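Reading through the structure tokens given below for one structure.
What's counted below: heavy atoms across the whole structure, side chains too, no hydrogens, waters or symmetry copies. A quick note: this is a predicted structure, and the numbers were derived from the prediction, not measured.
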Amino acid sequence: DEFRIVIELLKTSSENSRLIVMLETNGGYIETVERLVVVMRRHYSEVFFIIPNYAYSAGTVLALSGDRIYMDYYSVLGPIDPQFPGDDGSGAVPGAGYLAKFEELTEVINKAKDPGKVRAELSYLIKRFDPAKLFHIEQSIEHGQSLIMEWLPKYKLKDWVTTQSTGKPVTDSMRKKRAKEIAGKLGDAKKWHSHGRGISMQRLRSEDIKLQIEDFGAEAETSQAIRNYHGLCVDHAGRNGLNAFIHASNGLRSIST
């Protein structure tokens with residue numbers, strides 16, 4: 001609600017059709033990302049994201065809803081890996097890691113010729129894994145990938161009109177295919193090995209992923225302005241013990257997490 005209020009107030013004081021968001025986040029819930037995008041797209045025809053440091057997991061999904069993404073050599077996105085409350089209540093755990101461990105255990109159990117030799121694995125599986133939670137995680141990961149496949153062709157890839165190699169016209173089906181490839185690669189937990197694995201601008205631009213990223217570091221003055229503002233935001237959060245806040249031209253608002 002805080003984000004919606006900020007955006008609505010911001011829009012009433014400005015006729016700008018473009019929203020520029022400086023984003024830094026460890027991630028969160030895909031459902032929250034979807035609602036944020038609904039709010040932004042309700043009021044703005046263009047949304048640009050600037051990533052001075054990192055935007056992991058659901059934050060990556062959010063960034064991929066933009067018309068443009070600005071990073072530099074230090075910035076990173078992350079694998080698409082929604083987080084969920086841990087069993088012991090100590091904090092969030094990466095969903096893909098939870099699924100990967102489940103699949104690892106079931107593979108060991110299924111391959112065992114002697115059930116007696118996998119009693120420990122069976123016991124751990126029964127004790128620690130909840131079928132309902134597994135289903136929820138699977139659905140959330142698929143939800144994140146489906147949103148990317150919806151948003152990329154509609155926003156970021158809309159200006160991809162000719163192929164770079166042959167100059168042939170790009171069709172809607174080609175944009176959707178590219179979006180599906182990007183979503184699949186960013187959602188492959190085995191490819192990245194870790195929820196906190198940073199995916200650099202260079203890697204995102206590579207032939208492996210082929211995602212267009214604007215390099216704000218190419219302009220010294222722009223880069224310095226972004227770094228200075230980002231530093232002030234980080235310092236403010238640290239001094240005031242804020243886990244999350246929104247700062248816009250109409251003021252600053254702390255938000256609950």
Side-chain angles (χ1 to χ4, degrees), residues 3 18-28 30 32-33 36-37 40-41 44 46-83 94 144-145 147-160 164 175 178-179 181-189 191-237 244-248:
F3 183 78
R18 177 184 297 163
L19 178 67
I20 300 176
V21 180
M22 182 178 288
L23 177 66
E24 179 168 321
T25 177
N26 285 314
I30 293 296
T32 302
V33 167
L36 294 178
V37 173
M40 289 186 286
R41 291 297 176 174
Y44 293 93
E46 285 188 310
V47 180
F48 294 176
F49 287 95
I50 301 173
I51 318 293
N53 194 359
Y54 58 84
Y56 291 120
S57 188
T60 296
V61 178
L62 179 57
L64 292 175
S65 75
D67 297 273
R68 293 187 185 182
I69 301 173
Y70 290 82
M71 301 170 66
D72 73 354
Y73 77 96
Y74 184 70
S75 313
V76 294
L77 298 182
I80 303 166
D81 187 4
Q83 299 179 70
Q145 294 193 10
L147 289 176
I148 290 173
M149 288 188 283
E150 175 189 346
W151 291 334
L152 274 179
K154 190 175 181 179
Y155 302 121
K156 185 143 184 38
L157 298 180
K158 70 180 186 302
D159 295 327
W160 181 38
Q164 187 174 10
R175 293 187 186 94
R178 173 68 62 82
E181 291 171 351
I182 291 171
K185 288 177 180 178
L186 294 179
D188 185 355
K191 181 182 182 70
W192 306 109
H193 306 296
S194 169
H195 172 84
R197 172 79 178 273
I199 307 173
S200 69
M201 176 180 69
Q202 290 82 357
R203 186 67 186 273
L204 293 165
R205 285 173 159 183
S206 72
E207 286 298 308
D208 183 32
I209 301 176
K210 296 182 181 179
L211 185 64
Q212 184 180 3
I213 304 293
E214 313 294 332
D215 182 8
F216 70 75
E219 299 182 12
E221 186 174 347
T222 300
S223 178
Q224 191 61 53
I226 289 172
R227 290 293 169 200
N228 287 344
Y229 178 65
H230 175 255
L232 286 172
C233 290
V234 172
D235 183 66
H236 174 79
F245 70 93
I246 302 170
H247 182 224

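For the salt bridge (charged side-chain N to carboxylate O under 4.0 Å, His left out) with D67, the lone residue among K156, R18, K158 that qualifies is K158.
Among residues two or more places apart in sequence or in another chain, the side-chain contact (heavy atoms from CB on, under 4.5 Å) test is passed with N53 by E24, Y74, H230.
One finds the OH atom of Y70 at 11.0 Å from the CG atom of D215 (value rounded to the nearest 0.5 Å). R178 contributes atom CZ, which lies 9.0 Å from atom CG of L211 (distance to the nearest 0.5 angstrom). The CD1 atom of I182 lies 5.5 Å from the CG atom of L157; values are rounded to the nearest 0.5 Å. Here OH of Y54 is found 12.0 Å from OG1 of T60. Values are rounded to the nearest 0.5 Å. Interatomic distance, I20 CD1 to F49 CZ, rounded to the nearest 0.5 Å: 11.5 Å. Note that CZ of F216 is 15.0 Å distant from CZ of R68, once rounded to the nearest 0.5 Å.
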Checklist entry - Can you list the steps and then say if Q212 with W160 is a side chain to side chain contact (heavy atoms under 4.5 Å, CB included)? => result CA-CA 10 Å; Q212 184 180 3; W160 181 38; over 6 Å; no

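Looking at heavy atoms from C-beta onward, L186 lies in side-chain contact with L204 at the 4.5 angstrom threshold. You'll find the side chain of F48 stays beyond 4.5 Å of the side chain of E214, heavy atoms only.
A distance-only check finds a donor-acceptor pair linking the side chain of S206 to the backbone of R203 [under 3.5 Å].
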